[in-house]
Amino acid sequence: METTKVVLGNVKGEIQLFSDDKKAGKMDISVIKDKLTVYHTEVDDEYAGNGFAKLLLNQLVSYARENDLKIVPLCPYVHAQFKRNPEEYNDVWFKEEA
């Protein structure tokens, strides 16, 4: 069974994904004021192809919505998902003003 949890220290932290109580993946994040920056998404090779990165993304977005945060998607995976599905993520996607 898969579970996710947000582990946040002072500012830096991660969203962790566990499969059968074994850490299967994570997202490196930081929260400063009203911005949640995601730097990196990683899923262990043995769990590749199981949709675990998407589970991490769902947890990231839920956490941002629950805490009124905007996501700065520096992670290539998250940025690609935001660009592919803007209608799904527009409410939490931080975009620099032009």
Enumerate, atom names and distances included, each donor-acceptor pair closer than 3.5 Å involving a side-chain atom of residues 33-40, sequence neighbours excluded.
from, atom 1, to, atom 2, distance (Å)
Y39, OH, S30, OG, 2.8
H40, NE2, E42, OE1, 3.1

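- In terms of heavy atoms, A48 sits closest to V43 at N-CG1, 4.3 Å.
- With sequence neighbours excluded, no residue satisfies salt bridge (Lys or Arg N to Asp or Glu O under 4.0 Å) with E66.
- Partners of I32 by side-chain contact (heavy atoms from CB on, under 4.5 Å), not counting sequence neighbours, listed by chain and number: V11.
- Among pairs with a residue in residues 9-22, those fulfilling salt bridge (charged side-chain N to carboxylate O under 4.0 Å, His left out) read E14-K23, E14-K26, K22-E46, at least two apart in sequence or across chains.
- Summarising the geometry of G25 relative to L56, their closest heavy-atom pair is C-CD1, 4.1 Å, with the distance given to 0.1 Å.
- Listed by first and then second residue, the ring-ring contact (aromatic ring centres under 6.0 Å, His included) pairs that reach into residues 46-80 are Y47-F52, sequence neighbours excluded.
- Partners of N50 by side chain to side chain donor-acceptor pair (under 3.5 Å), not counting sequence neighbours: none found.
- In this view, K5 and V7, Q16, F18 satisfy the side-chain contact (heavy atoms from CB on, under 4.5 Å) rule, not counting sequence neighbours.
- For the atom pair CG (N58) and CD1 (I15), the distance works out to 10.5 Å, reported to the nearest 0.5 Å.
- Taking CZ of F82 as the start and CD1 of I71 as the end, the distance is 4.0 Å to the nearest 0.5 Å.
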If you apply the rule side-chain contact (heavy atoms from CB on, under 4.5 Å), what do you find for M27 with L17, and how did you get there?
CA-CA 9 Å; M27 279 182 164; L17 172 69; over 6 Å; no
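- Qualifying side chain to side chain donor-acceptor pair (under 3.5 Å) partners for N90, counting only residues two or more places apart in sequence or in other chains: K95.
- Partners of K83 according to the salt bridge (Lys or Arg N to Asp or Glu O under 4.0 Å) rule, which considers only residues two or more places apart in sequence or in another chain, do not exist here.
- Take D44 and apply the salt bridge (Lys or Arg N to Asp or Glu O under 4.0 Å) test, not counting sequence neighbours, and it matches no residue.
- By the salt bridge (Lys or Arg N to Asp or Glu O under 4.0 Å) test, E88 pairs with K54, sequence neighbours left out.
- Taken from CG in L60 to OG1 in T4, the straight-line distance is 10.5 Å, to the nearest 0.5 Å.
- Atom-to-atom distance recorded for L74:CG and I29:CD1 is 12.5 Å, nearest 0.5 angstrom.
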